[in-house]
There are 4 protein chains.
Amino acid sequence: MFNTKEKILQKSLELFNTKGCINTSNRAIAKEVGISIGNFYYYFKNKEEILIELFLRYLEKIFKDVINLNYEKDEIFLLKQFLLDNLEVEIEYRFIHLEMDQLVNNFPTFKKIIQEQLKKEIIMVSSLMEHQIKHGYIIPLSKEEIEFFVSNMWIVACSNFMYWNLLDFDIYEVMKKAALNKFYLIKPYLTQKSLDNENVKDLEKILKAYYENK
Amino acid sequence: MFNTKEKILQKSLELFNTKGCINTSNRAIAKEVGISIGNFYYYFKNKEEILIELFLRYLEKIFKDVINLNYEKDEIFLLKQFLLDNLEVEIEYRFIHLEMDQLVNNFPTFKKIIQEQLKKEIIMVSSLMEHQIKHGYIIPLSKEEIEFFVSNMWIVACSNFMYWNLLDFDIYEVMKKAALNKFYLIKPYLTQKSLDNENVKDLEKILKAYYENK
Amino acid sequence: MFNTKEKILQKSLELFNTKGCINTSNRAIAKEVGISIGNFYYYFKNKEEILIELFLRYLEKIFKDVINLNYEKDEIFLLKQFLLDNLEVEIEYRFIHLEMDQLVNNFPTFKKIIQEQLKKEIIMVSSLMEHQIKHGYIIPLSKEEIEFFVSNMWIVACSNFMYWNLLDFDIYEVMKKAALNKFYLIKPYLTQKSLDNENVKDLEKILKAYYENK
Amino acid sequence: MFNTKEKILQKSLELFNTKGCINTSNRAIAKEVGISIGNFYYYFKNKEEILIELFLRYLEKIFKDVINLNYEKDEIFLLKQFLLDNLEVEIEYRFIHLEMDQLVNNFPTFKKIIQEQLKKEIIMVSSLMEHQIKHGYIIPLSKEEIEFFVSNMWIVACSNFMYWNLLDFDIYEVMKKAALNKFYLIKPYLTQKSLDNENVKDLEKILKAYYENK
DNA sequence: TATGAATGAGTTTTCATTCAT
DNA sequence: GATGAATGAAAACTCATTCAT
């Protein structure tokens, strides 16, 4: 069903998430997949190629829905989707965030890709914020406030796994916590119009329930 | 003036901050200090011992002032000190945050220390928040809100260097940004009483000026 | 027009001349030709087979004219042709001389072929010399002098590319220099009869012009 | 008696001369010396460092006497020493010449050193020739003739081992042949004054005897 | 003829750690 | 306290060659 290249990517992802990308040798990946080291190098020139391939897949999954967001109209952005839907993707590719600094330091091409992606995201999220402010879903914010909200959101989305991991929560609990981390970051900025909106109204309850029941 | 052990710690810190702890070999440290590798091992059993020693020094510097905080009285916590004074210590030991996940993965004793420290900090900061709420400096918050404010604050304090580094800001700009990251995280929760307080009144202006002038 | 085997030989020659035979992997050849590595091995059992095939072609081109030399009569041997005509062939297959020692060390069958060829050439050139001496085109030389003239000529023909390459001359300059290297090696042995001969008379001028104009 | 570094250099030289530098792995050197591969790298960062160290020793031995040459006076240059004394050094370090092209291609720092050395030698030998011409030991030669005599001498000195190796002569015979190769290259240019000189008079006989008796 | 996945031994290099002096 | 030689496991990567299709 899966071909060798796919198997390498799958196992790499597993190993990266459990042992870390830096701490996973190419030999270990090959062994786990059940192929020779030579065959590993037949498919990937080096570990960075795997890393980039996995990162591109991550991006594709993350932005599959975001791209379809139509925030031209007077409409609140899909906060629920943003908080919940991406969560599983973030967990699936959690090594990316957990090792971000190391990856950036060790893989120069990956660094360039990450930097470009970050710049795009900043522009995208900033303009989304401005739109939401214009339509009264988010309280008025200065340029600086938007800049630092965006950076804080990125930082929290990137690093909250590490925090909960340190407290020995398991992966499902971490998922639930992660959504609330982001929710409480944005909550102070939501207007009454937002809080009355169907998409937001019960969100806190849903997230808590999600967090308590599962 | 400095003994050998001290020199090792100083040079290790330098190297960890520039090249990363994981990417710095013990041999490189010994060479930089100007001692033999054998002598290095006379003072430190392994790199983890250096790491822990540096981390303890970091903690001591960070909590030197915090420990003296007397938040029994009706008094706003020293936000300015918290935002600015610690900043240089954070920068001085920045490798700790930049490589947090890697360090935790590779050094089990360090991990335990970090975890214990984190639990202490959560209790400490949570009770500080409750105290501030009680005295009307911070708006009323639920248990959950406090929990996630505390976690977000830790995450942001821990990882914002990475964010600004990716955008190619230099170390001094990163310092300035870092203070604002934390300020804008707490700002929505400050009451009018806080905003009128001498310690807070001009803080935004001061931070921006700090950020723009330096 | 060209079949696959021919393409492999052509591309091998190109790669051997630019990167060296030892430094060119079979995979690189296959890739350059645009065929699979499996197909490469269909045509050639290993790199030595290519090497030998190329060497035989080189020999054929070099001795195409020499074989037709009729040096039975009282006639000076075709010095001009020897110096100029072979030059392009030598350049075309220059990797053979540049890597001679390595090739001999790594490819035992090639070594045998080279050795047999060398012995033939020694006999051939020695008897040519004796003939030229007999007819007064070359000054009388002892057995030893002939032996060492022949060896020096072979050595210079084989290795002069390396010398000029070290001095960073480009391929066309090297060609020109190579002719003069051989000319000045033989010049002291030419008799007046030689120097008056039409084939030789203006040779020095021609070679220098060739060397200066091109 | 010999320390480890010296042993590595000695064994490297042996292996380079027998199997070739390119074909000798660092692991093979370590094994031959009887040390671990780690210990090998303690002494030499890579193979190029060994190569350069050996080359510098070769140069030192070769030019030990040449440097003392005083060719200011009306005196023939020490042809006998040049032909015989250096011979053993050339043999001792024969891999350098045998693999010259490959070494130059694979070791960039070595290439630079070789190029600088070659340029120095060209100047040195050219001025020596001019001096000998001035004092009547060598027949008058044009600039071009000197240039090509110098290059031919270098090429022959560099590559004659390969020639005699191909003909399966043993190392001692090769040594003797090598002297005669150079002698017969220079012989046509010697004046009667040279040939009558004590240093030269019996040189041919000596060399032949050397070649026949040993 | 042609493909290309697969093998595995081999290469260079790094590094934490030990230990006799 | 201090030296530095020595170890050996492990990392990334290469490459000639085979073989089923």
Side-chain angles (χ1 to χ4, degrees), chain A residues 3-5 7-8 22-31 33-50 106-107, chain B residues 3-5 7-8 22-31 33-50 106-107, chain C residues 3-5 7-8 22-31 33-50 106-107, chain D residues 3-5 7-8 22-31 33-50 106-107:
Chain A
N3 59 18
T4 304
K5 185 165 187 176
K7 276 188 207 156
I8 293 172
I22 306 285
N23 285 329
T24 301
S25 72
N26 295 337
R27 207 159 219 111
I29 297 169
K31 198 180 174 186
V33 175
I35 58 170
S36 69
I37 185 66
N39 200 205
F40 171 91
Y41 278 95
Y42 178 78
Y43 288 104
F44 295 97
K45 202 165 92 247
N46 51 44
K47 197 154 66 180
E48 191 172 27
E49 279 199 352
I50 294 183
N106 286 282
F107 302 110
Chain B
N3 59 18
T4 305
K5 186 164 187 176
K7 276 188 206 156
I8 293 173
I22 305 285
N23 286 330
T24 300
S25 70
N26 294 339
R27 193 157 236 111
I29 296 168
K31 196 180 173 189
V33 175
I35 59 168
S36 70
I37 185 66
N39 200 206
F40 171 93
Y41 276 91
Y42 177 79
Y43 288 103
F44 295 96
K45 202 167 93 244
N46 51 42
K47 197 153 67 180
E48 190 172 28
E49 281 198 350
I50 294 181
N106 286 281
F107 303 111
Chain C
N3 59 18
T4 304
K5 185 164 187 175
K7 277 187 206 158
I8 293 173
I22 306 285
N23 286 329
T24 300
S25 70
N26 294 339
R27 192 158 236 108
I29 297 168
K31 195 180 173 187
V33 176
I35 59 167
S36 70
I37 185 66
N39 200 206
F40 172 92
Y41 275 92
Y42 177 80
Y43 287 103
F44 295 96
K45 200 167 94 245
N46 51 42
K47 196 153 68 180
E48 191 171 26
E49 281 199 351
I50 293 181
N106 286 281
F107 303 110
Chain D
N3 58 19
T4 304
K5 185 166 188 176
K7 275 188 209 158
I8 292 172
I22 306 283
N23 285 329
T24 300
S25 72
N26 295 337
R27 208 158 218 113
I29 297 169
K31 198 179 174 186
V33 176
I35 58 170
S36 68
I37 184 64
N39 201 205
F40 172 91
Y41 276 93
Y42 178 78
Y43 288 103
F44 295 96
K45 204 166 89 248
N46 50 44
K47 197 154 65 180
E48 190 171 27
E49 278 199 353
I50 294 183
N106 286 281
F107 303 111

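Reckoned from all heavy atoms, side chains included, excluding hydrogens, waters and symmetry mates. Throughout, protein chains are lettered first and strands after them, A, B, ... in sequence-line order, and every chain is numbered starting at 1.
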Margin query: Go nucleotide by nucleotide along DNA chain E from the 5' end; which of B/Lys45 and D/Ile22 gets its closest nucleotide reached first?
Written below: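 It is D/Ile22 whose nearest nucleotide is closer to the 5' end.
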Note to self: Reading DNA chain E from 5' onward, which residue's closest nucleotide shows up sooner: D/Thr24 or B/Arg27?
What the structure shows: D/Thr24
Can you check the [X] [atom1] to [N] [atom2] distance for me, whole Å?
| X | N | atom1 | atom2 | answer |
| --- | --- | --- | --- | --- |
| C/Lys31 | E/dT3 | NZ | C1' | 17 Å |
| D/Ile50 | E/dT13 | CD1 | C1' | 13 Å |
| D/Asn106 | E/dT11 | CG | P | 15 Å |
| C/Asn23 | F/dC15 | CG | C1' | 13 Å |
| D/Phe44 | E/dT11 | CZ | P | 19 Å |

I want to verify a distance call: between [options], whose nearest atom is closest to the [X] side chain?
| X | options | result |
| --- | --- | --- |
| B/Tyr42 | F/dA6, F/dG1, E/dG10 | F/dG1 |
| B/Ser25 | E/dC15, E/dT17, F/dA16 | E/dC15 |
| B/Ser36 | E/dA2, F/dA2, E/dA6 | F/dA2 |
| A/Tyr43 | E/dA6, E/dT12, F/dA12 | E/dA6 |
| C/Ile35 | E/dA6, E/dT3, E/dT18 | E/dT3 |

Next item on the list: Tell me which of A/Asn26 and D/Phe40 sits closer to the 5' end of DNA chain F, going by the nucleotide each one is nearest to.
Entry: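 It is D/Phe40, whose closest nucleotide lies nearer the 5' terminus.
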Check: With nearest nucleotides of DNA chain F determined for B/Gly38 and A/Asn46 from heavy-atom distances, which residue corresponds to the more 5′ nucleotide?
Finding: B/Gly38
If you compare every side-chain N and O of [X] against the phosphate oxygens of [N] (OP1, OP2), does one of them come in below 4.0 Å?
| X | N | value |
| --- | --- | --- |
| A/Tyr41 | F/dT14 | no |
| B/Lys47 | E/dA16 | yes |
| C/Thr4 | E/dT1 | no |

Note to self: Need the pair for E/dA6. Rule: Watson-Crick or G-U wobble, both distances under 3.5 Å, any strand; none if unpaired.
What the structure shows: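 Checking every strand shown, E/dA6 finds its partner in F/dT17, with both distances under 3.5 Å.
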Check: Applying the side-chain contact (heavy atoms from CB on, under 4.5 Å) test to C/Glu49, which of C/Phe107, C/Phe44, C/Tyr43 qualifies?
Finding: C/Phe44
Show the nearest heavy-atom pair for residues [X] and [Y], with the distance to one decimal.
| X | Y | answer |
| --- | --- | --- |
| C/Ile22 | C/Lys47 | O-NZ, 3.7 Å |
| B/Ser36 | B/Ala30 | O-CB, 3.9 Å |
| A/Phe40 | A/Ile35 | N-CD1, 3.7 Å |

Notebook entry, point to check: Base, sugar-phosphate, or nothing for A/Asn39, non-hydrogen atoms under 4.0 angstrom?
Noted result: base
Check: Looking across every strand, which nucleic acid part, if any, lies under 4.0 Å from D/Ile37 by heavy atom: base, sugar-phosphate, or nothing?
Finding: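 Touches a base.
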Next item on the list: Apply side-chain contact (heavy atoms from CB on, under 4.5 Å) to the pair C/Asn39 and C/Ile8, showing each step before the final yes or no.
Entry: CA-CA 10 Å; C/Asn39 200 206; C/Ile8 293 173; over 6 Å; no
